[in-house]
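Heavy-atom basis, side chains included; hydrogens, waters and symmetry copies ignored. What you see is a predicted model; the values in this text were computed from it and never measured. Whatever order the structure lists them in is the order used to number ligands and atoms, beginning at 1.
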Amino acid sequence: MIATLAKALYKIDDVVPEDGLYLCVPCSFVQEFRAGELFTTCIACYAGTSMGPEDYTEEHVDFWEKFA
Ligand SMILES: [Zn+2]
């Protein structure tokens, strides 16, 4: 786990805690999610799938970060 960052990260199928923009950490793509939805695969880089960037090919990897 990343202990040096206080920011929460979320992974695919985590419930979105609040409306807002979320940043895909591996590719910096920003996507809007609404509270109660589930986080999805990043449509820009496919993080969290077998086609995702190196180190982000597993579904359990946290990569969505609250942006605004
Ligand atoms: Zn991405």
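Note: Phe39 and Tyr10 have parallel aromatic rings, judged against thresholds of 30 and 60 degrees for the angle between ring planes.
Crowding of Phe67 atom CZ: a count of heavy atoms from other residues, nucleotides or ligands under 6.0 Å not exceeding 12.
Relative to the ring axis of Phe63, Lys11 does not place its NZ or CZ within 45° and under 6.0 Å from the centre.
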(message) Run Thr57 and Thr49 through side-chain contact (heavy atoms from CB on, under 4.5 Å) and show every step you take.
(response) CA-CA 5 Å; Thr57 58; Thr49 76; over 6 Å; no
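A donor-acceptor contact shorter than 3.5 Å is absent between the side chain of Trp64 and the backbone of Cys42.
Atoms of the protein (N, O or S only) found under 2.8 Å from the Zn ion (ligand 1) are Cys24 SG, Cys27 SG, Cys42 SG, Cys45 SG.
Interatomic distance, CG of Asp19 versus CD of Glu37, reported as 8.0 Å (0.5 Å rounding).
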